[in-house]
Amino acid sequence: MFLSLGIGLLCRDSQVAELFPPTVSPEIVVREARIEDSWEVAETCCSSFFPGYSFPLDFVLRIDRLVAMLSGFSVPPSCRRTCLVAVTSSSFLDAFFFGSEDCKIAGQNGGFILNKGNVAGILTVNTVTDFLPRKGPLRRRRTRIAYMSNVAVRERFRRKGIAKRLVAKAEALARTWGCCAISLHCDLNNPGASKLYIGQGFKCVIVPEGANWPQPKTSPNMQFNFMMKLLNTS
Ligand SMILES: CC(=O)SCCNC(=O)CCNC(=O)[C@H](O)C(C)(C)COP(=O)(O)OP(=O)(O)OC[C@H]1O[C@@H](n2cnc3c(N)ncnc32)[C@H](O)[C@@H]1OP(=O)(O)O
């Protein structure tokens with residue numbers, strides 16, 4: 001009986017392997033982040049944008065992100081901001097990764113990770129338009145243009161269409177906010193991300209030389225493409 005049960009399990013494993021070959025992502029749901037996702041959002045952000053840092057600097061970075069995220073959700077009146085997460089089904093992760101790379105505690109492999117790994121990707125979208133030139137002598141904020149940032153997918157979940165899903169969800173959300181366009185800054189030296197946005201229909205906006213066009217505050221040597229996509233609101 002034990003033998004047949006063992007064979008049954010083996011069959012199930014191979015069938016599961018067939019159903020989920022390594023190139024296909026497990027079930028992914030894209031939704032707005034909840035408070036309990038905060039640490040994993042910070043972790044996904046830091047491991048994607050600062051992959052080279054090790055303990056204790058990476059821990060400090062994550063705390064910094066966490067604080068920035070929790071405090072950054074207050075926005076000027078009439079503006080919207082939200083963080084989207086792509087989450088994997090936890091049962092899948094429990095079955096395949098529990099106790100291994102997704103459940104690391106401080107300092108392991110020289111890096112700080114404390115999560116079960118449900119968040120596979122993140123994206124922030126807002127209508128604050130801090131990165132668009134203001135309008136008129138009163139320097140009023142532009143309206144109806146959403147802005148995307150912090151798009152990141154954990155390394156082992158990349159090239160499975162997760163960023164595309166996050167971008168599509170951000171566009172849908174922007175439409176519900178009444179936006180007619182969505183914009184972003186993309187590092188000129190990030191060909192993967194540029195390809196992603198061009199593939200999703202974003203166009204580079206040529207910023208006139210010397211224009212007073214606000215840019216993200218990163219290292220001074222970093223150069224950005226400002227990209228935009230008109231949203232079909234019909
Ligand atoms: C506005 C911003 O926030 S820009 C910052 C972008 N973020 C980063 O650079 C952080 C580190 N990188 C990442 O987190 C990821 O690699 C991302 C977000 C750039 C892409 O996430 P993924 O989930 O892997 O993208 P996804 O699988 O949806 O790819 C969609 C398309 O983008 C393009 N693409 C994505 N990554 C790459 C890459 N490394 N090289 C070439 N093309 C790429 C491809 O055209 C791809 O389609 P394909 O797989 O059918 O060829």
Side-chain angles (χ1 to χ4, degrees), residues 20-31 33 37 40-53 58 61-62 65 68-69 72 81-89 92 101-102 111 113 115 117-132 145-174 179 181-205 207 213-219 221-229 231:
F20 297 110
T23 50
V24 178
S25 59
E27 186 147 337
I28 297 285
V29 173
V30 177
R31 58 161 171 80
D37 298 319
E40 285 195 52
V41 170
E43 153 58 25
T44 305
C45 180
C46 294
S47 62
S48 300
F49 288 107
F50 312 102
Y53 288 80
D58 62 344
L61 264 178
R62 282 153 177 76
R65 271 292 80 204
M69 207 168 55
R81 185 199 319 256
T82 196
C83 175
L84 297 176
V85 285
V87 288
T88 55
S89 111
F92 180 94
E101 66 165 316
D102 284 84
I113 305 175
N115 68 289
N118 283 0
V119 171
I122 56 170
L123 180 156
T124 307
V125 57
N126 67 59
T127 58
V128 182
T129 59
D130 273 343
F131 296 115
L132 283 168
I145 301 178
Y147 182 81
M148 260 170 22
S149 58
N150 291 326
V151 184
V153 173
R154 276 179 199 277
E155 203 164 356
R156 71 182 169 74
F157 286 104
R158 289 186 189 160
R159 300 308 289 268
K160 299 175 195 299
I162 294 178
K164 271 196 254 186
R165 296 256 322 258
L166 283 161
V167 171
K169 179 81 173 184
E171 289 174 15
L173 199 59
C179 294
I182 187 160
S183 60
L184 57 89
H185 276 101
C186 182
D187 176 3
L188 274 177
N189 293 314
N190 190 341
S194 302
K195 209 167 161 212
L196 160 72
Y197 301 123
I198 289 166
Q200 295 305 103
F202 284 77
K203 302 267 187 281
C204 294
V205 174
V207 176
W213 201 291
Q215 285 223 352
K217 290 183 198 79
T218 49
S219 69
N221 300 332
M222 210 177 239
Q223 288 192 302
F224 292 96
N225 253 335
F226 185 71
M227 302 180 90
M228 205 166 209
K229 177 179 177 180
L231 297 174

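One-based numbering, in listed order, for ligands and for the atoms of each. Nothing fancy with the numbering, it's 1 onward along the sequence.
Remark: atom 20 (C) of ligand 1 lies closer than 4.0 Å to at least one protein heavy atom.
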Please output the side-chain donor-acceptor pairs of residues 162-169 that fall under 3.5 Å, not counting sequence neighbours, one pair per line with the distance.
{"from": "Arg165", "atom 1": "NH1", "to": "Ile28", "atom 2": "O", "distance (Å)": "3.4"}
{"from": "Arg165", "atom 1": "NH2", "to": "Ile28", "atom 2": "O", "distance (Å)": "3.0"}

Can I get a per-line list of side-chain donor-acceptor pairs under 3.5 Å for residues 182-195, giving both atom names and the distance, sequence neighbours left out?
{"from": "Ser183", "atom 1": "OG", "to": "Ala146", "atom 2": "O", "distance (Å)": "3.0"}
{"from": "His185", "atom 1": "ND1", "to": "Tyr147", "atom 2": "OH", "distance (Å)": "2.9"}
{"from": "Asp187", "atom 1": "OD1", "to": "Asn189", "atom 2": "N", "distance (Å)": "2.9"}
{"from": "Asn190", "atom 1": "OD1", "to": "Ala193", "atom 2": "N", "distance (Å)": "3.2"}
{"from": "Ser194", "atom 1": "OG", "to": "Asn190", "atom 2": "O", "distance (Å)": "3.0"}

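For atom 44 (C) of ligand 1, the closest heavy atom belonging to the protein is Arg159 NH2, 3.9 Å. Protein heavy atom in closest approach to atom 34 (N) of ligand 1: Gly192 O, 3.5 Å. The closest protein non-hydrogen atom to atom 7 (N) of ligand 1 is Val151 O, 2.7 Å. At the top of the distance list for atom 10 (C) of ligand 1, counting protein heavy atoms only, stands Phe49 CE2, 3.7 Å. The nearest protein atom to atom 16 (O) of ligand 1, hydrogens excluded, is given as Arg158 CD, 3.3 Å; this is a heavy-atom distance. Atom 14 (O) of ligand 1 has as its closest protein heavy atom Val153 N, 2.8 Å. From the protein, the heavy atom lying nearest to atom 9 (O) of ligand 1 is Asn190 ND2, 2.7 Å.
Note: no N/O pair closer than 3.5 Å links Ser48 and ligand 1 by distance alone. Every N/O-N/O distance between Ser149 and ligand 1 stays at or above 3.5 Å. Of the N or O atoms in Phe157, none lie within a sub-3.5 Å distance of an N or O in ligand 1. At a 3.5 angstrom cut-off on N or O pairs, Ala163 counts as close to ligand 1.
Those atoms of ligand 1 that come under 4.0 Å of a heavy atom in Tyr197, given as number and element, are 1 (C), 2 (C), 3 (O), 4 (S). Atoms of ligand 1 lying under 4.0 Å from any heavy atom of Lys164, numbered from 1 in the order shown and given with element: 28 (O), 30 (C), 50 (O). Ligand-side atoms of ligand 1 in range of Gly161: 26 (P), 27 (O), 28 (O), range being under 4.0 angstrom from any heavy atom. In summary, the atoms of ligand 1 found under 4.0 Å from a heavy atom of Asn150, numbered by their order in the structure, are 3 (O).
Here the CD atom belonging to Glu40 is positioned 13.5 Å from the SG atom belonging to Cys45, to the nearest 0.5 angstrom. Between the OG atom in Ser47 and the CZ atom in Arg156 there is a gap of 10.5 Å [rounded to 0.5 Å].
Here Lys160 has backbone heavy atoms under 4.0 Å from ligand 1, and that is the only part of it that gets that close.
A salt bridge links Glu43 to Arg154: at least one charged side-chain nitrogen sits closer than 4.0 Å to a carboxylate oxygen.
Annotation: side chain of Asn225 is not in contact with side chain of Tyr197 (no heavy-atom distance under 4.5 Å).
Using a non-hydrogen distance threshold of 4.0 Å, His185 registers as a contact of ligand 1.
Of all heavy-atom pairs between Cys179 and Leu231, the closest is O-CD1, 3.8 Å. Residues Phe49 and Val151 come closest through the heavy atom pair CZ-O, 3.4 Å.
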